Amino acid sequence: MIPVFYTPKMVADSESASPSARKPRNVVASWKRFPIEIVEPEPVVVDELARAHDRKFVVDVLECRTNNGFGNRSREVADSLPYTSGAMLAAARRAIETGGAAAAPCSGFHHAGYDRAEGFCTFNGLMVTALALKEEKLVRRVGILDLDMHYGNGTDNIIRKLGIAWIRHFSAGLNWSRPDQAKTFLEEGLAEQLEPMMHDVDIILYQAGADPHISDPYGGWMTTEELRERDCFVFEMLRDCGVPVAWNLAGGYQVEKDGSIPKVLEIHNNTMRECVLAFGKELE
(Lines give C-alpha, C1' and ligand atoms only; values in the text may rest on other atoms or scores of the structure.)
Protein backbone atom coordinates (compact mmCIF):
# COMPACT_ATOMS: atom_id res chain seq x y z
CA MET A 1 0.00 0.00 0.00
CA ILE A 2 1.15 3.54 -0.69
CA PRO A 3 1.58 5.59 2.52
CA VAL A 4 -0.26 8.92 2.33
CA PHE A 5 0.63 11.41 5.05
CA TYR A 6 -2.51 13.40 5.71
CA THR A 7 -4.32 15.13 8.53
CA PRO A 8 -7.31 17.51 8.41
CA LYS A 9 -5.02 19.96 10.22
CA MET A 10 -3.20 20.59 6.91
CA VAL A 11 -6.43 21.87 5.30
CA ALA A 12 -7.30 25.56 5.33
CA ASP A 13 -9.45 28.16 3.65
CA SER A 14 -6.84 30.38 2.02
CA GLU A 15 -9.31 33.22 1.36
CA SER A 16 -7.97 33.31 -2.21
CA ALA A 17 -8.70 32.05 -5.71
CA SER A 18 -6.30 29.14 -5.24
CA PRO A 19 -7.85 25.81 -4.14
CA SER A 20 -4.47 24.47 -2.99
CA ALA A 21 -4.88 24.93 0.78
CA ARG A 22 -8.26 23.21 0.92
CA LYS A 23 -7.43 20.58 -1.72
CA PRO A 24 -5.83 17.88 0.47
CA ARG A 25 -9.18 16.77 1.93
CA ASN A 26 -10.73 16.38 -1.53
CA VAL A 27 -7.72 14.61 -2.94
CA VAL A 28 -7.50 12.07 -0.15
CA ALA A 29 -11.23 11.36 -0.40
CA SER A 30 -10.78 10.75 -4.12
CA TRP A 31 -7.81 8.45 -3.46
CA LYS A 32 -9.84 6.08 -1.27
CA ARG A 33 -10.35 3.93 -4.38
CA PHE A 34 -6.63 3.07 -4.35
CA PRO A 35 -4.65 0.81 -1.99
CA ILE A 36 -3.35 3.53 0.30
CA GLU A 37 -2.48 3.76 4.00
CA ILE A 38 -3.39 7.10 5.57
CA VAL A 39 -0.87 8.15 8.21
CA GLU A 40 -1.14 11.30 10.33
CA PRO A 41 2.06 13.35 10.12
CA GLU A 42 3.65 15.28 12.95
CA PRO A 43 4.00 19.03 12.37
CA VAL A 44 7.45 20.46 11.82
CA VAL A 45 8.67 22.91 14.45
CA VAL A 46 10.16 26.38 14.13
CA ASP A 47 13.73 25.06 14.26
CA GLU A 48 13.07 22.78 11.30
CA LEU A 49 11.45 25.56 9.26
CA ALA A 50 14.30 27.90 10.18
CA ARG A 51 16.90 25.62 8.59
CA ALA A 52 15.46 26.64 5.21
CA HIS A 53 14.10 30.09 6.07
CA ASP A 54 14.99 33.21 7.99
CA ARG A 55 13.83 32.59 11.57
CA LYS A 56 12.14 35.98 11.95
CA PHE A 57 10.18 35.37 8.74
CA VAL A 58 9.06 31.96 10.04
CA VAL A 59 7.90 33.32 13.38
CA ASP A 60 6.19 36.33 11.84
CA VAL A 61 4.19 34.12 9.47
CA LEU A 62 3.18 31.71 12.21
CA GLU A 63 2.17 34.61 14.46
CA CYS A 64 0.25 36.26 11.58
CA ARG A 65 2.46 39.36 11.66
CA THR A 66 3.36 39.14 7.96
CA ASN A 67 1.59 37.91 4.84
CA ASN A 68 1.53 34.26 3.87
CA GLY A 69 1.80 33.08 0.26
CA PHE A 70 -1.88 33.83 -0.32
CA GLY A 71 -1.31 37.49 0.46
CA ASN A 72 -3.12 37.54 3.80
CA ARG A 73 -2.51 36.85 7.49
CA SER A 74 -5.05 34.09 8.00
CA ARG A 75 -4.72 32.23 11.31
CA GLU A 76 -6.22 29.15 9.65
CA VAL A 77 -3.51 29.12 6.99
CA ALA A 78 -0.75 29.76 9.53
CA ASP A 79 -1.90 26.83 11.66
CA SER A 80 -1.91 24.49 8.65
CA LEU A 81 1.63 25.25 7.48
CA PRO A 82 3.61 23.11 9.98
CA TYR A 83 1.50 20.14 8.88
CA THR A 84 2.03 20.56 5.13
CA SER A 85 5.81 20.60 5.52
CA GLY A 86 5.46 17.91 8.17
CA ALA A 87 3.61 15.69 5.72
CA MET A 88 6.37 16.08 3.14
CA LEU A 89 9.08 15.28 5.67
CA ALA A 90 7.20 12.26 7.01
CA ALA A 91 6.67 10.94 3.48
CA ALA A 92 10.38 11.29 2.73
CA ARG A 93 11.39 9.48 5.90
CA ARG A 94 9.02 6.62 5.09
CA ALA A 95 10.22 6.38 1.49
CA ILE A 96 13.83 6.12 2.68
CA GLU A 97 12.86 3.53 5.29
CA THR A 98 11.06 1.29 2.80
CA GLY A 99 13.03 2.10 -0.33
CA GLY A 100 9.73 2.81 -2.10
CA ALA A 101 7.21 5.62 -2.53
CA ALA A 102 5.16 7.78 -0.19
CA ALA A 103 2.85 10.74 -0.81
CA ALA A 104 2.10 14.07 0.85
CA PRO A 105 -1.15 15.45 -0.63
CA CYS A 106 -0.20 19.11 -0.24
CA SER A 107 0.96 22.07 -2.31
CA GLY A 108 2.45 25.50 -1.80
CA PHE A 109 6.21 25.00 -1.62
CA HIS A 110 8.43 25.95 -4.53
CA HIS A 111 7.94 29.73 -4.82
CA ALA A 112 8.71 30.26 -1.12
CA GLY A 113 12.19 31.76 -0.78
CA TYR A 114 14.54 32.19 2.14
CA ASP A 115 12.74 35.18 3.66
CA ARG A 116 9.66 35.65 1.52
CA ALA A 117 6.32 34.11 0.60
CA GLU A 118 5.19 34.19 -3.01
CA GLY A 119 2.74 32.67 -5.48
CA PHE A 120 0.49 30.76 -3.03
CA CYS A 121 3.66 29.36 -1.35
CA THR A 122 4.69 30.29 2.20
CA PHE A 123 7.25 27.76 3.47
CA ASN A 124 9.31 25.64 1.09
CA GLY A 125 8.50 22.14 2.30
CA LEU A 126 10.85 20.66 -0.29
CA MET A 127 13.84 22.45 1.21
CA VAL A 128 12.62 21.99 4.79
CA THR A 129 12.48 18.25 4.08
CA ALA A 130 15.84 18.05 2.32
CA LEU A 131 17.62 19.91 5.12
CA ALA A 132 15.97 17.80 7.83
CA LEU A 133 17.00 14.58 6.08
CA LYS A 134 20.56 15.85 5.85
CA GLU A 135 20.58 16.89 9.51
CA GLU A 136 19.30 13.44 10.49
CA LYS A 137 22.05 11.83 8.37
CA LEU A 138 19.51 9.94 6.31
CA VAL A 139 20.91 11.23 3.01
CA ARG A 140 24.08 12.50 1.39
CA ARG A 141 22.37 14.03 -1.64
CA VAL A 142 18.77 14.86 -2.47
CA GLY A 143 17.11 15.30 -5.86
CA ILE A 144 14.21 17.72 -6.27
CA LEU A 145 12.22 16.96 -9.40
CA ASP A 146 9.82 19.86 -9.83
CA LEU A 147 7.33 19.25 -12.65
CA ASP A 148 4.98 22.06 -11.80
CA MET A 149 4.08 24.50 -14.58
CA HIS A 150 6.20 27.24 -13.06
CA TYR A 151 9.85 27.71 -12.21
CA GLY A 152 10.73 26.80 -8.63
CA ASN A 153 12.43 30.12 -8.01
CA GLY A 154 12.07 29.91 -4.24
CA THR A 155 13.87 26.57 -4.12
CA ASP A 156 16.80 27.99 -6.08
CA ASN A 157 16.81 31.09 -3.90
CA ILE A 158 17.27 29.02 -0.74
CA ILE A 159 19.89 26.79 -2.38
CA ARG A 160 21.91 29.87 -3.36
CA LYS A 161 21.38 31.66 -0.05
CA LEU A 162 22.62 28.67 1.96
CA GLY A 163 25.35 27.69 -0.50
CA ILE A 164 24.06 24.14 -0.87
CA ALA A 165 25.89 21.87 -3.32
CA TRP A 166 24.35 18.51 -2.40
CA ILE A 167 20.85 19.12 -3.77
CA ARG A 168 20.14 18.36 -7.44
CA HIS A 169 17.25 20.59 -8.48
CA PHE A 170 15.41 20.37 -11.78
CA SER A 171 12.46 22.70 -12.36
CA ALA A 172 10.74 22.02 -15.68
CA GLY A 173 9.02 25.39 -15.62
CA LEU A 174 12.33 27.13 -16.31
CA ASN A 175 12.53 25.90 -19.90
CA TRP A 176 9.43 23.84 -20.77
CA SER A 177 6.07 25.53 -21.22
CA ARG A 178 4.71 25.14 -24.78
CA PRO A 179 2.35 22.48 -26.18
CA ASP A 180 4.73 21.85 -29.08
CA GLN A 181 7.40 20.84 -26.52
CA ALA A 182 5.33 18.14 -24.80
CA LYS A 183 6.31 15.22 -27.03
CA THR A 184 10.02 16.10 -26.89
CA PHE A 185 9.85 16.54 -23.13
CA LEU A 186 8.28 13.13 -22.61
CA GLU A 187 10.52 11.31 -25.09
CA GLU A 188 13.84 13.03 -24.40
CA GLY A 189 13.89 16.03 -22.04
CA LEU A 190 12.64 14.34 -18.89
CA ALA A 191 15.04 11.41 -19.19
CA GLU A 192 17.97 13.73 -19.88
CA GLN A 193 17.33 15.50 -16.57
CA LEU A 194 16.28 12.55 -14.45
CA GLU A 195 18.77 9.87 -15.46
CA PRO A 196 21.89 11.65 -14.10
CA MET A 197 20.10 12.19 -10.77
CA MET A 198 19.48 8.48 -10.37
CA HIS A 199 23.14 7.71 -9.82
CA ASP A 200 23.78 10.62 -7.49
CA VAL A 201 20.95 10.99 -4.95
CA ASP A 202 19.51 9.01 -2.04
CA ILE A 203 15.92 10.18 -2.56
CA ILE A 204 13.86 12.16 -5.05
CA LEU A 205 11.33 14.74 -3.86
CA TYR A 206 8.86 14.88 -6.74
CA GLN A 207 6.40 17.73 -7.30
CA ALA A 208 3.69 16.22 -9.51
CA GLY A 209 2.18 19.48 -10.71
CA ALA A 210 -1.36 19.56 -12.11
CA ASP A 211 -1.13 23.07 -13.55
CA PRO A 212 0.84 22.16 -16.71
CA HIS A 213 -2.55 20.92 -17.99
CA ILE A 214 -3.49 22.42 -21.33
CA SER A 215 -6.72 23.89 -19.90
CA ASP A 216 -5.33 25.23 -16.63
CA PRO A 217 -5.73 29.03 -16.33
CA TYR A 218 -2.14 29.25 -15.05
CA GLY A 219 -0.74 26.48 -17.26
CA GLY A 220 -1.21 25.25 -20.76
CA TRP A 221 1.13 22.71 -22.38
CA MET A 222 0.27 19.07 -21.57
CA THR A 223 -2.90 17.01 -21.94
CA THR A 224 -4.34 14.78 -19.22
CA GLU A 225 -2.88 11.72 -20.92
CA GLU A 226 0.54 13.37 -21.33
CA LEU A 227 0.59 14.22 -17.62
CA ARG A 228 -0.18 10.60 -16.86
CA GLU A 229 2.66 9.51 -19.18
CA ARG A 230 4.94 11.89 -17.28
CA ASP A 231 4.05 10.30 -13.96
CA CYS A 232 4.36 6.79 -15.35
CA PHE A 233 7.85 7.54 -16.64
CA VAL A 234 9.01 9.10 -13.37
CA PHE A 235 7.72 6.34 -11.10
CA GLU A 236 8.90 3.48 -13.31
CA MET A 237 12.38 4.95 -13.64
CA LEU A 238 12.69 5.51 -9.90
CA ARG A 239 11.46 2.00 -9.17
CA ASP A 240 13.80 0.42 -11.69
CA CYS A 241 16.77 2.39 -10.34
CA GLY A 242 15.88 1.66 -6.72
CA VAL A 243 15.61 5.33 -5.74
CA PRO A 244 13.00 6.17 -3.04
CA VAL A 245 10.50 8.89 -3.90
CA ALA A 246 8.37 11.19 -1.76
CA TRP A 247 5.91 13.12 -3.86
CA ASN A 248 3.49 15.96 -3.35
CA LEU A 249 0.88 17.85 -5.31
CA ALA A 250 1.43 21.22 -6.90
CA GLY A 251 -0.68 23.66 -8.86
CA GLY A 252 -4.03 22.88 -10.44
CA TYR A 253 -6.39 25.82 -10.80
CA GLN A 254 -9.30 24.48 -12.86
CA VAL A 255 -12.07 25.43 -10.46
CA GLU A 256 -15.72 24.99 -11.40
CA LYS A 257 -18.36 27.64 -10.69
CA ASP A 258 -19.52 25.71 -7.63
CA GLY A 259 -15.95 25.59 -6.26
CA SER A 260 -15.36 21.93 -7.07
CA ILE A 261 -12.17 20.75 -8.80
CA PRO A 262 -13.02 17.53 -10.73
CA LYS A 263 -10.46 18.13 -13.49
CA VAL A 264 -7.68 18.71 -10.97
CA LEU A 265 -8.70 15.61 -9.04
CA GLU A 266 -8.54 13.55 -12.23
CA ILE A 267 -4.91 14.58 -12.71
CA HIS A 268 -4.00 13.83 -9.10
CA ASN A 269 -5.84 10.50 -9.31
CA ASN A 270 -3.77 9.57 -12.34
CA THR A 271 -0.58 10.37 -10.44
CA MET A 272 -1.60 8.07 -7.60
CA ARG A 273 -2.68 5.40 -10.07
CA GLU A 274 0.75 5.42 -11.71
CA CYS A 275 2.46 5.36 -8.30
CA VAL A 276 0.43 2.32 -7.31
CA LEU A 277 1.17 0.57 -10.60
CA ALA A 278 4.89 1.14 -10.12
CA PHE A 279 5.27 0.66 -6.36
CA GLY A 280 2.07 -0.86 -4.96
CA LYS A 281 0.01 -3.97 -5.41
CA GLU A 282 -1.82 -4.61 -8.66
CA LEU A 283 -4.99 -2.65 -9.21
CA GLU A 284 -8.15 -4.71 -9.43
Side-chain angles (χ1 to χ4, degrees), residues 5-28 40-90 104-132 146 148-162 207 209-211 216-218 248-255 258-261 264:
F5 289 85
Y6 168 76
T7 172
K9 295 175 183 177
M10 63 200 284
V11 179
D13 178 1
S14 67
E15 303 175 13
S16 77
S18 170
S20 297
R22 67 176 185 271
K23 182 169 63 174
R25 179 183 289 117
N26 298 331
V27 171
V28 170
E40 184 164 350
E42 293 293 324
V44 294
V45 298
V46 169
D47 284 349
E48 290 170 312
L49 292 168
R51 289 197 192 106
H53 295 284
D54 174 75
R55 181 176 291 270
K56 183 178 184 302
F57 167 69
V58 170
V59 173
D60 283 350
V61 167
L62 295 177
E63 296 298 326
C64 302
R65 291 196 294 261
T66 193
N67 285 356
N68 58 46
F70 300 100
N72 59 51
R73 301 184 183 186
S74 161
R75 166 51 58 192
E76 192 172 332
V77 169
D79 289 345
S80 74
L81 295 170
Y83 290 94
T84 54
S85 287
M88 192 70 202
L89 176 54
C106 50
S107 307
F109 291 156
H110 74 158
H111 292 310
Y114 177 72
D115 57 2
R116 68 172 189 268
E118 179 183 319
F120 309 137
C121 301
T122 308
F123 297 140
N124 195 312
L126 302 168
M127 292 301 298
V128 171
T129 294
L131 289 162
D146 186 348
D148 186 78
M149 174 71 198
H150 307 99
Y151 167 44
N153 59 313
T155 303
D156 271 348
N157 172 257
I158 297 170
I159 289 172
R160 289 193 299 267
K161 177 71 176 179
L162 300 182
Q207 281 223 132
D211 56 358
D216 196 283
Y218 294 113
N248 70 299
L249 317 177
Y253 304 99
Q254 297 184 75
V255 181
D258 63 359
S260 64
I261 52 170
V264 175

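This one's a predicted model, so the numbers in the text were calculated from it and none came from an experiment. The basis for the numbers below is simple: all heavy atoms, side chains too, and nothing from hydrogens, waters or symmetry mates.
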**Student:** Is any side-chain heavy atom of Phe123 less than 4.5 Å from a side-chain heavy atom of Pro82?
**Tutor:** no
**Student:** Can you tell which of Asn153, Asn157, Thr122 makes a side chain to side chain donor-acceptor pair (under 3.5 Å) with His111?
**Tutor:** Asn153
**Student:** Under a 3.5 Å cutoff, is there a donor and acceptor pairing between the side chains of His150 and Asp211?
**Tutor:** yes
**Student:** Can you find a side-chain donor-acceptor pair between Thr155 and Asn124 that sits under 3.5 Å?
**Tutor:** yes
**Student:** CZ/Phe70 to OG/Ser16 distance, rounded to the nearest 0.5 angstrom?
**Tutor:** 5.0 Å
**Student:** Any side-chain donor paired with an acceptor under 3.5 Å for Asn68 and Arg73?
**Tutor:** no
**Student:** Do Asp258 and Ser260 have side-chain N/O donor and acceptor atoms under 3.5 Å apart?
**Tutor:** yes
**Student:** When you measure from the side chain of Glu48 to the backbone of Val45, do you find a donor-acceptor pair of N or O atoms at a distance under 3.5 Å?
**Tutor:** yes
**Student:** Below 4.5 Å, heavy atoms only, C-beta onward: do Arg65 and Val59 meet side chain to side chain?
**Tutor:** yes
**Student:** Any heavy-atom pair between the side chains of Leu131 and Leu162 that's under 4.5 Å?
**Tutor:** yes
**Student:** Determine whether a donor-acceptor pair (N or O, by modelled atom type, separation under 3.5 Å) exists between the side chain of Asn67 and the backbone of Ala117.
**Tutor:** no
**Student:** Determine whether a donor-acceptor pair (N or O, by modelled atom type, separation under 3.5 Å) exists between the side chain of Ser74 and the backbone of Val77.
**Tutor:** yes
**Student:** Salt bridge between Arg116 and Asp54, side-chain N to carboxylate O under 4.0 Å?
**Tutor:** no
**Student:** Could you tell me whether the side chains of Gln207 and Asp148 share a donor-acceptor contact shorter than 3.5 Å?
**Tutor:** no
**Student:** I want to check something: taking the side chain as every heavy atom from C-beta on, are Tyr83 and Phe5 in contact at a cut-off of under 4.5 Å?
**Tutor:** no
**Student:** Report yes or no: does Lys23 contribute a side-chain atom to a donor-acceptor pair with the main-chain N or O of Gly251 at less than 3.5 Å?
**Tutor:** yes
**Student:** Assess whether a salt bridge exists between Arg75 and Asp79, defined as any Lys/Arg side-chain N lying under 4.0 Å from an Asp/Glu carboxylate O.
**Tutor:** yes
**Student:** Could you check whether the rings of Tyr253 and Tyr218 sit parallel, tilted or perpendicular, using 30° and 60° as the cut-offs?
**Tutor:** perpendicular
**Student:** For Tyr151 and Asp156, test the side chains for any donor-to-acceptor distance below 3.5 angstrom and give the result as yes or no.
**Tutor:** yes
**Student:** Donor-acceptor pair, Glu40 side chain versus Thr7 backbone, under 3.5 Å?
**Tutor:** no
**Student:** Would a 4.5 Å heavy-atom cut-off, applied to side chains only, mark Leu49 and Leu62 as touching?
**Tutor:** yes
**Student:** Using a distance-only test with no angle check, is there a side-chain donor-acceptor pair under 3.5 angstrom linking Ser20 and Ser18?
**Tutor:** yes
**Student:** Using a 3.5 Å distance criterion without hydrogens, assess whether the side chain of Thr129 forms a donor-acceptor pair with backbone atoms of Leu126.
**Tutor:** no
**Student:** Are the side chains of Met127 and Phe109 in contact, using a 4.5 Å heavy-atom criterion?
**Tutor:** no
